[in-house]
Each structure stands twice: as structure tokens, then as C-alpha cells.
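Inspection log for the structure reproduced underneath, given as C-alpha cells.
Sequential numbering from 1 along the given sequence is applied to the chain's residues. Indexing begins at 1, ligand by ligand and atom by atom, following the structure's order.
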Amino acid sequence: MVRLNFSDSGQGTPVVLLHGFPLSGVIWMPQQRLLSDQYRVITPDLRGHGRSPAPAAGYEMETLAEDVLALLDDLGIPKAVIMGHSMGGYVTLAAWKMAPERFLALGLLDSQAAPDTDEGRKTRNQLADQVAKEGSAAVEAAMLPKLFAPNLDAKDPLIGQVRQIIKTTPRAGIVGALHGMAQRPDASAILAAIAVPTLILTGDGDQLIAPARATAMAAVVANAMLAVIPNAGHLPMMEQPAATTTTLLSFLSTVGNGFA
Ligand code: MLT
């Protein structure tokens, strides 16, 4: 277990937002600001990302989930709404598998339950080797063009912001998380067992995890709300912050009565 860096603002029902790879809690800045009027919003940096420690090993999704649950223990929070973006969603599903009693509600944003294909695993492990040798430029080149909706203006400042986050992600974190994601188990069977309200959200132009994955998951989870954010790719919280925040607020208010 490592002690995670995190932001914590607002009061009320705790809402934990987990970022994807190879990013950090700052991707949630607009949501942190607006949701914290009504909720206690906690945005950790997962291990190896942002300003959290980056050990040389220990990047299984289960280990990342243990760090998050340990953070909740440290904060004295028995139950929270836990939502994850992309890799953060893999961590959320791992946390649900280990400790479903810690969830008030769950969210999967531009994420999936399926594991890597054999081909995908091979490509990921090759990329990890390349980053280990040459640094984060390889992952930046592989991911940056696919993170946004296809029609995003090439001069949009968002591209530079995200590039900067990737550049500051420690090399050990990038390599570790690539290996961790490559070996993550198939979580599809977990979906039907999710017993809390669940938000499944995707950008309509996600080029990394096809929106059809979100539709398929929403069909299996018993108490799911499916939201498709228009004009967004893999990062709707940054590309369309207002629409994403409104959707999160609407989900939280729907399930809110059950929290008291
Ligand atoms: C992420 O955004 O966290 C990653 O793209 C997820 C993945 O590569 O499977």
C-alpha cells in the first residue's frame, strides 16, 4: 500500500473520482469545483501517477484499488460513491470485487469490463518496454491523438494540457500501469452482480474504448444510467466539462435519496 496524493473538497456524501492512464487527478478539476458545492469530492492520484509515489512494481488493478480503499480508511470514510475513468474504471471494478460494501454508487466513464485481447496485451507490453528504454514520449505519441474527439481542433489548448500531464507522469508509473492493465482479469462477470446505482458514461467519439462498450455494459448492470456525452472523445470531463458535470450531478441526485 502507498499513501496517495489527493484533493479533498466540499462536504456531504463522499464522491471519489479516479483518473485514467497516464493522467492524474487534475483531469477532474472542473467537476471537483462544481460538485463540491454539494458533495465531498476526493480525487486521488493513483500510484505511479501525478504526485503519488511511483514504486518500481505493484501495479495490478487490485493493488491500485487497495491504495484507494486504504485512503478511504485513512479519511474515516466507510462508504463512498466511487467512479473511475478508463483505467480508473478497471480499478473501480477491482475495488467492487474486493469490497462492495464500501460503495454507495459506482461509475464507469469511458471504461470497460473486458480484458485486453492477446494482440492488445502484446502491443501494451511492447509499449511498456519502449517507455522503459526511451521515456514517456512513446506513450504520448501512441495515445495523444486518440484521446480526443476526432473533430477537435489541432490547436485546441486541451491537447497541450493533456500532453503536460503525460510528460509529468513518472516512467515507473507508466511502465507499471501498462503491465498492470495488460494482466487485468476479465471483469465482465462482475457487472451483473453490481447492486448499487451505476453511472455508465462515454463520449460519443471515444476512439480508445468504443461507445458500444458502454451500451453493452449498461444492458447488463441492473441499476444503470447510461449517458453519452456529445462532441467528446475519451476525456469528456475535460472536453465537455459542463455536460459531464451536469450528468454527474443528475446521477448523484437520482441516487441521492438513497444515501441518507
Ligand atoms: C486509459 O485511458 O486509462 C487507458 O487508455 C485505458 C486502456 O488503455 O485500456
Side-chain angles (χ1 to χ4, degrees), residues 16-28 43-50 52 54 59-65 67-68 82-95 107-131 136 138-150 152 158-159 161-170 173-188 200-203 205-214 216-217 229 232-239 244:
V16 179
L17 302 173
L18 303 177
H19 63 82
F21 167 86
L23 305 172
S24 76
V26 305
I27 66 166
W28 300 110
T43 54
D45 292 337
L46 295 169
R47 69 163 63 193
H49 294 74
S52 284
Y59 287 87
E60 302 77 20
M61 296 300 108
E62 295 75 14
T63 311
L64 271 60
D67 292 339
V68 175
I82 305 179
M83 302 196 182
H85 167 248
S86 201
M87 180 183 76
Y90 310 159
V91 175
T92 300
L93 289 171
L108 297 170
L109 292 87
D110 295 84
S111 194
Q112 60 189 336
D116 280 3
T117 59
D118 289 345
E119 185 63 29
R121 196 171 296 120
K122 210 168 123 200
T123 312
R124 233 194 250 282
N125 287 328
Q126 281 167 354
L127 185 57
D129 290 346
Q130 205 182 343
V131 173
S136 65
V139 84
E140 191 186 308
M143 287 192 73
L144 204 55
K146 297 191 206 140
L147 282 172
F148 307 99
L152 186 79
L158 203 49
I159 300 172
Q161 275 173 40
V162 174
R163 177 181 285 120
Q164 202 46 39
I165 303 175
I166 297 177
K167 270 193 200 310
T168 51
T169 304
I174 296 180
V175 174
L178 284 167
H179 287 311
M181 287 192 286
Q183 59 184 248
R184 76 187 188 279
D186 187 355
S188 308
I200 298 184
L201 180 150
T202 181
D206 190 334
Q207 303 185 71
L208 275 175
I209 297 181
R213 301 246 160 170
M217 289 196 295
I229 304 292
H234 192 61
L235 295 171
M237 74 295 285
M238 297 179 91
E239 298 175 80
T244 302

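Not a single heavy atom of His19 sits under 4.0 Å from any atom of ligand 1.
Rounding to the nearest 0.5 Å gives a distance of 4.5 Å between CZ of Arg213 and CD of Gln112. Distance check, rounded to the nearest 0.5 Å: CG of Leu18 to CG of Leu64 gives 9.0 Å. Going from atom CD of Glu239 over to atom CG of Leu147 covers 8.5 Å, rounded to the nearest 0.5 Å. Separation of atoms CG (Leu235) and NE2 (His19) is listed at 12.5 Å; rounding is to 0.5 Å. If you take CZ on Phe148 and CG on Asp206, they are separated by 12.0 Å, rounding to the nearest 0.5 Å.
Proximity to Met87 (heavy-atom distance under 4.0 Å) selects the following atoms of ligand 1: 1 (C), 3 (O). Remark: ligand 1 atoms within the under-4.0 Å shell around heavy atoms of Gly20 are 3 (O). Shown in contact with Phe21 at under 4.0 Å from a heavy atom are these atoms of ligand 1, numbered in order with element: 1 (C), 2 (O), 3 (O). Residue His234 approaches ligand 1 through these ligand atoms, each under 4.0 Å from one of its heavy atoms: 1 (C), 2 (O), 5 (O).
Protein heavy atom in closest approach to atom 5 (O) of ligand 1: Met143 CE, 3.4 Å. Counting protein heavy atoms only, atom 8 (O) of ligand 1 is closest to Arg124 NH1, 2.9 Å. Nearest to atom 9 (O) of ligand 1 among the protein's heavy atoms is Tyr90 OH, 2.5 Å. Protein heavy atom at the shortest distance from atom 6 (C) of ligand 1 is Ser86 OG, 3.0 Å.
Taking the six-membered ring for Trp and thresholds of 30 and 60 degrees, His49 and Phe21 have ring planes more than 60 degrees apart, a perpendicular arrangement.
Each of Glu140, Met87, Met143 was scored for a side chain to side chain contact (heavy atoms under 4.5 Å, CB included) with Pro22, with one residue passing: Met143.
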